[in-house]
Amino acid sequence: ANIFLIQQELAGRIASALDATLTPEEREEVGAAPTDNMEAYTLYQRGNNYFNVSPRAQDFQIAFDLFEQATELDPGFAQAYARYALARARAFEVRPGLGGLEDARRIAELALAIDPDNAEAHLAKGQYLYSGFRDYEGSLREIDAARAAGLSSSVDLHHNLAATQRRMGDFDGAVESFSEAVRLDPLSAHMLEDLGSTYAHARRHEEAIDVFRKSLTLAPDVGPYDFMFTSLLSADGNTTRARELIEEGEAATGERMSWM
C-alpha cells in the first residue's frame, strides 16, 4: 500500500475527530509524496517529532540535524527545507543562543525556489520576521500567504498567528488562536504552555493555572514553572504553594529557577 495514501486517510479521520476541515490543498498535500526517498522521509518525520516535543535547546538541535540529513539525501525535498527553516526561526525566538536566524531565511527561500506554493515556507518566513525583526505586520502577511496556499488546519499556523496577536496586544485573539492550536494538538505541552502564558499576560490567572497544570502533566521536566509561580501569587497570594512550586520545578528540571 502507498504510505502517503494511508497517511491521507488517517489525516482525514483525525480531522473529523477534531472537528477540523482540511482544505482541498491540504488534503492533496497530505496524500502527495513529498519525496521518493523513504530514508529521507523517515528522517524528516523524526525531525518533526523533536521539533514538536519541547522548546529545549537539545531537542531543537536534534531536529536541525535530522532535517539537514533529510535534505542531504534528497536535495529537492521542499517540505523538509520548509520545516527546517521554521524550526531555525522559532529556535532563535526561544533559544537565541542557537543562532541561525539568517539560515532560516535562506532555507525558507530555498524551499520556495523548489516549490513556490509551499505554505510552510511562508510560515517560516513569517517566523523569521517575527523572531528577528519584530516585524509583526510582515509576520501576518506571511501567515496570510500560507493560508492562500491552502494551509488552514495547521497547528503551526495558529501558533504563529497567536504569538503575533499577543505581541500586538490582542490577547483575546491570541487566546482564541492558541486554543485552536491546542485543540488540533492536545498532547503538546508547548502549545499548552503558550496558551497558559497568554492567559497570564491577560491577567486571567485562574485560567492560566488550570492550563499550566495540564502542561506539567505532559512535560514536568520542561514545565512553565516561572509563569505558574507568578500566576499563583497574582491569583491568591499563596506564597506557600509558590515555594512548593519552586522546589518542584528545580527537582524536575535539575536546575535552579533562573527567575529567583
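For the numbers below, each heavy atom of this structure counts, side chains included, while hydrogens, waters and symmetry mates do not. Please read these numbers as outputs of a predicted model, since none were measured by experiment.
The heavy-atom pair separating A208 from A200 by the smallest distance is CB-N, 3.8 Å. Taking all atoms of both residues into account, the shortest heavy-atom contact from A57 to R95 is N-NE, 3.7 Å. Here the closest non-hydrogen pair linking S177 and A162 is CB-CB, 3.4 Å. Smallest separation of non-hydrogen atoms from A111 and Y81: CB-CB, 3.8 Å. The two residues T71 and A80 come nearest to each other via the heavy atoms CG2-CB, 3.8 Å. Scanning all heavy atoms of the two residues, the minimum distance from A124 to A82 falls at CB-O, 4.0 Å.
Within the 3.5 Å criterion, the main-chain N or O of Y130 finds a donor-acceptor partner in the side chain of R134. With Y84 contributing its side chain and A104 its backbone, the two residues share no donor-acceptor pair below 3.5 Å. A distance-only check finds no donor-acceptor pair linking the side chain of T164 to the backbone of Y136 [under 3.5 Å]. Between the side chain of D170 and the main chain of R166, no donor-acceptor pair closer than 3.5 Å is present. In this structure a side-chain-to-backbone donor-acceptor pair under 3.5 Å is present from H158 to S152.
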- List the steps, then state whether side-chain contact (heavy atoms from CB on, under 4.5 Å) holds for Q79 with N118. CA-CA 7 Å; Q79 186 62 15; N118 191 289; 3.0 Å; yes
- Message: Run the side-chain contact (heavy atoms from CB on, under 4.5 Å) test on D156 and E120 for me, step by step, so that the C-alpha distance in whole Å, both residues' side-chain angles and the decisive distance to 0.1 Å come before the verdict.
- Response: CA-CA 9 Å; D156 288 304; E120 293 209 57; 4.2 Å; yes
- I would like to know whether Y128 and F133 meet ring pair (Phe, Tyr, Trp, His ring centres under 6.0 Å); could you show each step before the answer? CA-CA 8 Å; Y128 162 80; F133 304 96; 5.2 Å; yes
- Query: Under the salt bridge (Lys or Arg N to Asp or Glu O under 4.0 Å) criterion, do K214 and D210 qualify, and how do the steps go?
  - Reply: CA-CA 7 Å; K214 293 175 183 176; D210 181 58; 3.7 Å; yes
- Item | Verdict with reasoning, E176 to D172, per side-chain contact (heavy atoms from CB on, under 4.5 Å) | CA-CA 6 Å; E176 182 178 348; D172 290 340; over 6 Å; no
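Atom CD of residue E193 and atom CG of residue L216 lie 8.5 Å apart, to the nearest 0.5 angstrom. Remark: I209 CD1 to F212 CZ distance equals 8.5 Å, nearest 0.5 Å. Taken from CD in Q45 to CZ in R83, the straight-line distance is 9.5 Å, to the nearest 0.5 Å. Summarising the geometry, atom OG belonging to S154 is positioned 10.5 Å from atom CD belonging to E180; distances are rounded to the nearest 0.5 Å. How far CG of D135 is from CG of L129: 5.0 Å, rounded to the nearest 0.5 Å. Taking CG from L151 and CG from D117, the interatomic distance works out to 12.5 Å, rounded to the nearest 0.5 Å.
Sparse packing is recorded around CZ of R46, with 12 or fewer heavy atoms of other residues, nucleotides or ligands lying under 6.0 Å away. More than 12 non-hydrogen atoms from other residues, nucleotides or ligands lie less than 6.0 angstrom from CZ of R167. Annotation for E39: atom CD does not count as buried by contact number, only 12 or fewer foreign heavy atoms lying within 6.0 Å.
Here the two rings, on Y199 and F178, have centers that are 6.0 Å apart or farther.
A continuous path of hydrophobic side-chain contacts links Y44 to I107 [ILVMFWY only; heavy atoms under 4.5 Å]. I114 and L86 fall within a single hydrophobic cluster, where Ile, Leu, Val, Met, Phe, Trp and Tyr are joined by side-chain heavy atoms under 4.5 Å apart, directly or via other members. V155 and V211 fall within a single hydrophobic cluster, where Ile, Leu, Val, Met, Phe, Trp and Tyr side chains are chained together by heavy-atom contacts under 4.5 Å. Linking ILVMFWY residues whenever their side-chain heavy atoms come closer than 4.5 Å, directly or via other members, places L140 and L157 in the same cluster. Under the 4.5 Å side-chain heavy-atom criterion for grouping Ile, Leu, Val, Met, Phe, Trp and Tyr, I62 is not connected to F67 through any hydrophobic cluster.
Between F171 and H201, the ring planes lie parallel to each other; the angle is under 30°, not in the 30° to 60° tilted range.
Under the 3.5 Å distance criterion, with hydrogens and angles disregarded, no donor-acceptor pair is assigned to the side chains of R204 and T198. Checking D194 against H159 by side-chain atom types alone, a donor-acceptor pair falls below 3.5 Å. In summary, the side chains of S139 and Q127 do not present any donor paired with an acceptor at a separation below 3.5 Å, with no hydrogens or angles considered. Side-chain N/O atoms of Q58 and Y50 include no donor and acceptor closer than 3.5 Å.
Taking 4.5 Å as the limit, some side-chain heavy atom of L112 sits within range of a side-chain heavy atom of K125. In this structure, the side chains of L218 and S188 stay at 4.5 Å or more apart for every pair of heavy atoms. The shortest distance between side-chain heavy atoms of L73 and T35 does not fall below 4.5 Å. Within the 4.5 Å cutoff, the side chain of L98 has heavy atoms near those of the F60 side chain. Inter-residue side-chain proximity for L161 and Q165 is flagged as met; some heavy-atom pair is nearer than 4.5 Å. No side-chain heavy atom of D59 sits less than 4.5 Å from a side-chain heavy atom of H190. Between S179 and L195, some side-chain heavy-atom pair lies under the 4.5 Å cut-off.
A salt bridge links D103 with R106: the distance from a Lys NZ or Arg NE/NH1/NH2 to an Asp or Glu carboxylate oxygen falls below 4.0 Å. Classification of E93 and R90 as a salt-bridged pair fails, no side-chain N sitting under 4.0 Å from a carboxylate O.
Cation-pi check for R88 over F64 is met; the charged atom lies under 6.0 angstrom from the ring centroid and within 45 degrees of its normal.
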